Each structure stands twice: as C-alpha cells, then as structure tokens.
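What you see is a predicted model; the values in this text were computed from it and never measured. Excluded from the calculations below are hydrogen atoms, water molecules and symmetry mates; all remaining heavy atoms, backbone and side chain alike, are included.
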Amino acid sequence: MTAVAARPAMRSVGQRLGRLARALVDLLLPPRCPACQGAVVATGLCAVCWARTQFIAAPLCERLGTPFAYDAGPGIISPAAIADPPAYGRARAVARYEGPARSLVHALKYRDRLEIAALMARLMARSGAELIADCDVIVPVPLHRRRLFARRFNQSALLAAALARHAGRDYEACALLRIRPTRQQVGLSARQRRRNVAGAFRVAPAARPMIEGRHVLLVDDVLTTGATVDACAKTCLRAGAASVDVLVFARVVAQT
C-alpha cells in the first residue's frame, strides 16, 4: 500500500482511538454540570439546572428581546423600547440573569471555566437563530487592554468565536476597540452606565472594511441596562455598518 493510500486508513484509526480516549476519560471522570457541579449523563446542564433556568422565549419585545407576560401578536414593541429606542436593531438572550444562567456566566468569567463557552454558544445559537441568519460578521464587545491583561481573556470574545464556528459566520475579534478604561458597570445607575461608556469604543482602522455596509452581530455575556452594547452599536453604525443586532447569553429582566 502506498503512503497516499494509507492516509485514509490512518485517519480512521486515529479517529477511533480519539473516540476511545474520550470515552475512557468520561468513564474515569464523569462530566459535571458546569452550573452546580452535579453529575450529568452527557455534556451540558443537569436536569435540575435545566429546569431551573429561566429561558427567554416568545412572546417578547421585537427590539429589546424582553419577555412579555402574554402574546399580543408578532412584531410588538415594549413601552421601554418606544420611550428609549436603542441604537441596535434587535437584542436576544438565552435566559434571565439568575439561577443557573448566572452561575454559568460567573464560572466562565471569574473561575476560568473556558471550556463552557462552547455550551453557552450553542444555546445562544438557538436563541439568536434569526439574528445569526441575517448577520454578515460576528463581533465581540471588547475589553480595554489593561483589563484584558489582568483577566487574560475576554469572555465575550470566547463566546463570539465559538458562536461563529458553530454558525459558520465571519468572526472579527479586534474589529471593535475599547480605547479608554472604564469603571466597572456594577452598581452604577442607567445614566451613569451610559456616561461611563460614552466615547469608549472605536472601530479599528484596519477593520473598517469588515464593518462598512455589513450586518453586524455584537456578542456579549450579559446585558444589564444595555449601555455598553448601545455604545458599541453606535460606534459600528458611525463606521458604516448596515445594521447592528445584539446577542447575549443572559440579560437582566426587570420584575413587573
């Protein structure tokens, strides 16, 4: 058998060995739920955490993606979106920022559980399927270089990269830059948050062709008041983006 003819057989053997190795690892180290560390049959959330997760689904506001208590028909806009319309077109989230969803975000962001970005991205792909279908390029909300150096990774970039691979879309990691450090948004009012991020972003000069005339999908881990993604959307639109939508893993939903 020639070397060329032997390559497919070698690849097949390698794939079988890889599957065997993964099965052995799963046997010795059973997968754990990334939210509660309980045992799971396969990778993902355990049944308890899945049931406790407050997934966001229709009916919801077409612009903000916030859930409605009842179905008033397609394309309905919430009073909040009418009173203060965002710069972006549409926002969608997998779940409310509480319970297991909050635990997943904290595990990724603060406990360096980088491997769960793929799971979170798969859930985001399902919740944001319509936005992904309409987008040309996926762009993460950036960290300032000082915070990136301290944290060593940008959780939004990990989610965006995994989402782009899953969806087969273009991904531009450095299209948006955070050009000045900003205070942590935690504890700030909505007005303070908007002021904090005003003028904090710009499109990298080399990335303008990737933004100009294209439909951009901004990706972040959590949406609270929307001040950060709104500032990013304005920056992309000023750089010539055709439209900007927002996809996050979790969002804060005001209690009504």
Ring of Y97, cation from R251 - is the NZ or CZ under 6.0 Å from the centre and inside 45° of the axis?
no

Show the nearest heavy-atom pair for residues A164 and Y171, with the distance to one decimal.
CB-CB, 3.6 Å

dist F249:CZ -> Q155:CD (nearest 0.5 Å) comes out at 13.0 Å

Taking the side chain from R92 and the backbone from S127, do they hold a donor-acceptor pair closer than 3.5 Å?
no

Say whether W50 and M124 are linked into one hydrophobic cluster, either directly or through other cluster members, by side-chain heavy-atom distances under 4.5 angstrom.
yes

Could you walk me through whether V219 and V248 pass the side chain to side chain contact (heavy atoms under 4.5 Å, CB included) check?
CA-CA 6 Å; V219 169; V248 300; over 6 Å; no

Which heavy atom of A101 sits nearest to which heavy atom of A95, and what is that distance?
CB-CB, 3.9 Å

N154 side chain vs V141 backbone, donor-acceptor pair below 3.5 Å
yes

I138 side, atom CD1; R165 side, atom CZ - distance, nearest 0.5 Å
10.5 Å

Applying a strict under-4.5 Å side-chain criterion to I, L, V, M, F, W and Y, I'd like to know whether V137 and L218 cluster together.
yes

If you look at every heavy atom in V203 and C236, which pair is closest and at what distance?
CG2-CA, 4.3 Å

Measure the CG-SG distance between L104 and C49 for me, rounded to the nearest 0.5 Å.
8.0 Å

By side-chain contact (heavy atoms from CB on, under 4.5 Å), which residues pair with R238, not counting sequence neighbours?
K234, T235

Tell me the closest heavy-atom pair linking L163 and A121, and the distance in Å.
CD1-O, 3.5 Å

Should K109 and R151 be marked as a side chain to side chain contact (heavy atoms under 4.5 Å, CB included) after you check the CA-CA gap, both sets of side-chain angles, and the distance that decides it?
CA-CA 9 Å; K109 194 170 183 176; R151 188 177 291 168; 3.7 Å; yes

Please report the interatomic distance CZ(R90) to CG(L217), rounded to the nearest 0.5 Å.
9.0 Å

Working to the nearest 0.5 Å, report the span between CD1 of I132 and CG of D245.
10.5 Å

Dump the intermediate steps for side chain to side chain contact (heavy atoms under 4.5 Å, CB included) on M210 and D170, then the final yes or no.
CA-CA 9 Å; M210 291 78 166; D170 287 347; over 6 Å; no

P59 side chain reached by Y70 side chain, heavy atoms, under 4.5 Å:
no

Side chains of R96 and V252 in contact at under 4.5 Å (non-hydrogen atoms):
no

R63 side chain vs Y88 backbone, donor-acceptor pair below 3.5 Å:
yes

Heavy-atom closest pair, residues C33 and C46
SG-N, 3.4 Å

Please check if the side chain of D220 supplies one atom and the backbone of S156 the other of a donor-acceptor pair under 3.5 Å.
no

Does F55 have R126 sitting over its ring (NZ/CZ under 6.0 Å from centre, angle to axis within 45°)?
yes

dist L60:CG -> S78:OG (nearest 0.5 Å) comes out at 10.0 Å

When every non-hydrogen atom of A87 is compared with those of L237, the smallest separation belongs to O-CD1, 3.5 Å

Contact check, side chains of V139 and I211, non-hydrogen atoms, under 4.5 Å
yes

State whether R113 and E115 are salt-bridged, where the test is any N-O pair (Lys NZ or Arg NE/NH1/NH2 against Asp/Glu carboxylate O) under 4.0 Å.
yes

Do L158 and L148 sit in one hydrophobic cluster, given that two such residues count as connected whenever their side-chain heavy atoms are within less than 4.5 Å of each other, even indirectly?
no

If you apply the rule side chain to side chain contact (heavy atoms under 4.5 Å, CB included), what do you find for L159 with L108, and how did you get there?
CA-CA 10 Å; L159 293 172; L108 173 64; 4.1 Å; yes

Please determine whether a side-chain nitrogen of the Lys or Arg among R152 and D112 lies less than 4.0 Å from a carboxylate oxygen of the Asp or Glu.
yes

So, R169 and D136, do they make that salt bridge, N to O below 4.0 Å?
no

